[in-house]
Protein chains: 2
Amino acid sequence: MAEKTDLSRLNCSLAGALSIVGDWWSLLIVRDALLGVQRFGEFRQSLGLARNILADRLRRLVADGILSREGPEQRPLYGLTVKGRALAPALLALMQWGDQWVSKEGPPVVVTDSGGREIDPFTLQAGGRQLGYGDLRFQPGAGCQPDTRTFLAEMAKRPRDA
Amino acid sequence: MAEKTDLSRLNCSLAGALSIVGDWWSLLIVRDALLGVQRFGEFRQSLGLARNILADRLRRLVADGILSREGPEQRPLYGLTVKGRALAPALLALMQWGDQWVSKEGPPVVVTDSGGREIDPFTLQAGGRQLGYGDLRFQPGAGCQPDTRTFLAEMAKRPRDA
DNA sequence: CTGTATCCTTAAAGATACTG
DNA sequence: CAGTATCTTTAAGGATACAG
């Protein structure tokens, strides 16, 4: 979207993820796919976006290995790949946040397991132990650039609240 | 971003969440805030975006109750509110996905607890029990519109794999 | 039904100069 | 330092007609 800055150059996995599914439609398409939507027309009806935009997004998602495109060339079925399904936690975490902090009249959709039990809210844990926000620490990883490294070191010095 | 369609009309908590933090920069700003970034100039240096854009995003995030703006009017400190911190799971889930499926040379940043233990990968659970992708079900919730309800019912009939 | 091709409008983002 | 004001560029998205 008027993307002058290439997010992928930001040395960050979040930016990497956003550069793939960070636009307005991609995650909603994945959500639909998770629901069971498979056809071009169904996505279109569900999301109400223009044909060319949907075509572009589907092409991109297939190219990025998030969707598969199978069946007759003229009437293909789209489905989530393993990589695409792996987006489920991020997607549902975002939904949970929306449920709790944005939706006014109760959640429009409740996500459950096959027995009807609601999906547990995602929480921060490490080694099985529950974490508070103030326990979070950011360390340089294997792919860390020098400037990011000094940046992290600088930030790590700051006192953390809560 | 050329947002012709108002996402908030899509009866979905995901769309609701995306209409607030679904643009290219907002989540990255929240990430920086999570890291400890507090000042206008620091955000600017870290993200490399234009002044006016940053000002706009900060204003929006404050208006949406995600960031607080405190301290001297001329040199304010920005910090995450409770609502803002609540984005951490979604944000980290997205980072984890990026780490696993996008980053090439190892994660640039590793998130740990104060003891240095890595944050556990987010997984689907219900009632404490681990779930597979195929166990997910979507049910109409309290705020569900009639058309969404029929749509969900239609999709629920489909066979689910994996 | 599933796209492609084309045109058009809008607005998001960048750059820069300026102000308190 | 933390913005605001203004200008320009560019691209994303919508609409529609058409094709396989």
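All values below were derived from every heavy atom in this structure, side-chain atoms included, with hydrogens, water molecules and symmetry-related copies excluded. Chain A is the first sequence line, chain B the second, and so forth, proteins listed ahead of strands; every chain is numbered from 1.
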Identify which nucleotide among [options] has an atom closest to any side-chain atom of [X], counting heavy atoms from C-beta outward.
X: Arg51(B); options: dT4(C), dT4(D), dG3(C); answer: dT4(D)
X: Arg75(B); options: dT4(C), dA13(C), dC1(D); answer: dC1(D)
X: Ala50(A); options: dG13(D), dG14(D), dT4(C); answer: dG14(D)
X: Pro76(A); options: dG14(D), dT4(D), dT2(C); answer: dT2(C)
X: Arg39(B); options: dG3(D), dA2(D), dT2(C); answer: dA2(D)
X: Asn52(B); options: dA2(D), dG3(C), dA5(D); answer: dA5(D)
X: Trp24(A); options: dG3(D), dG13(D), dA13(C); answer: dG13(D)

Atom [atom1] of [X] to atom [atom2] of [N]: distance rounded to whole Å?
X: Arg60(A); N: dT4(C); atom1: CZ; atom2: C1'; answer: 17 Å
X: Leu77(B); N: dG3(D); atom1: CG; atom2: P; answer: 11 Å
X: Gln38(B); N: dG3(D); atom1: CD; atom2: C1'; answer: 18 Å
X: Gln45(B); N: dG3(D); atom1: CD; atom2: P; answer: 16 Å
X: Arg59(B); N: dG3(D); atom1: CZ; atom2: C1'; answer: 9 Å
X: Leu54(A); N: dA12(D); atom1: CG; atom2: C1'; answer: 15 Å
X: Trp25(A); N: dG14(D); atom1: CH2; atom2: C1'; answer: 11 Å
X: Asp56(B); N: dA5(D); atom1: CG; atom2: P; answer: 13 Å

Can you check whether Phe43(A) reaches Arg57(A) side chain to side chain, under 4.5 Å on heavy atoms?
no
Min side-chain heavy-atom separation Leu54(A)-Ile29(A) under 4.5 Å:
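Touching, per the 4.5 Å side-chain cut-off.
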Does Gly65(A) offer a backbone N or O that forms a donor-acceptor pair with the side chain of Thr81(A) under 3.5 Å?
yes
Residue met sooner reading DNA chain C from 5', once Glu73(A) and Ile53(B) are mapped to nucleotides
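Its nearest nucleotide being more 5', the pick is Glu73(A).
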For a quick check under 3.5 Å, do Asp147(A) and Thr150(A) share a side-chain donor-acceptor pair by atom type?
no
Will you find, in the side chains of Thr112(A) and Gln139(B), an N or O donor that is under 3.5 Å from an N or O acceptor?
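Short answer, yes.
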By the 4.0 Å heavy-atom rule, please label Tyr78(B) as base, sugar-phosphate, or nothing.
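Here Tyr78(B) touches the backbone only, sparing every base.
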So for Arg44(B) and dA2(D), does any side-chain atom that can act as donor or acceptor lie under 3.5 Å from a complementary atom in the base?
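When only heavy-atom distances are counted, Arg44(B) does not reach the base of dA2(D) through any donor-acceptor pair under 3.5 Å.
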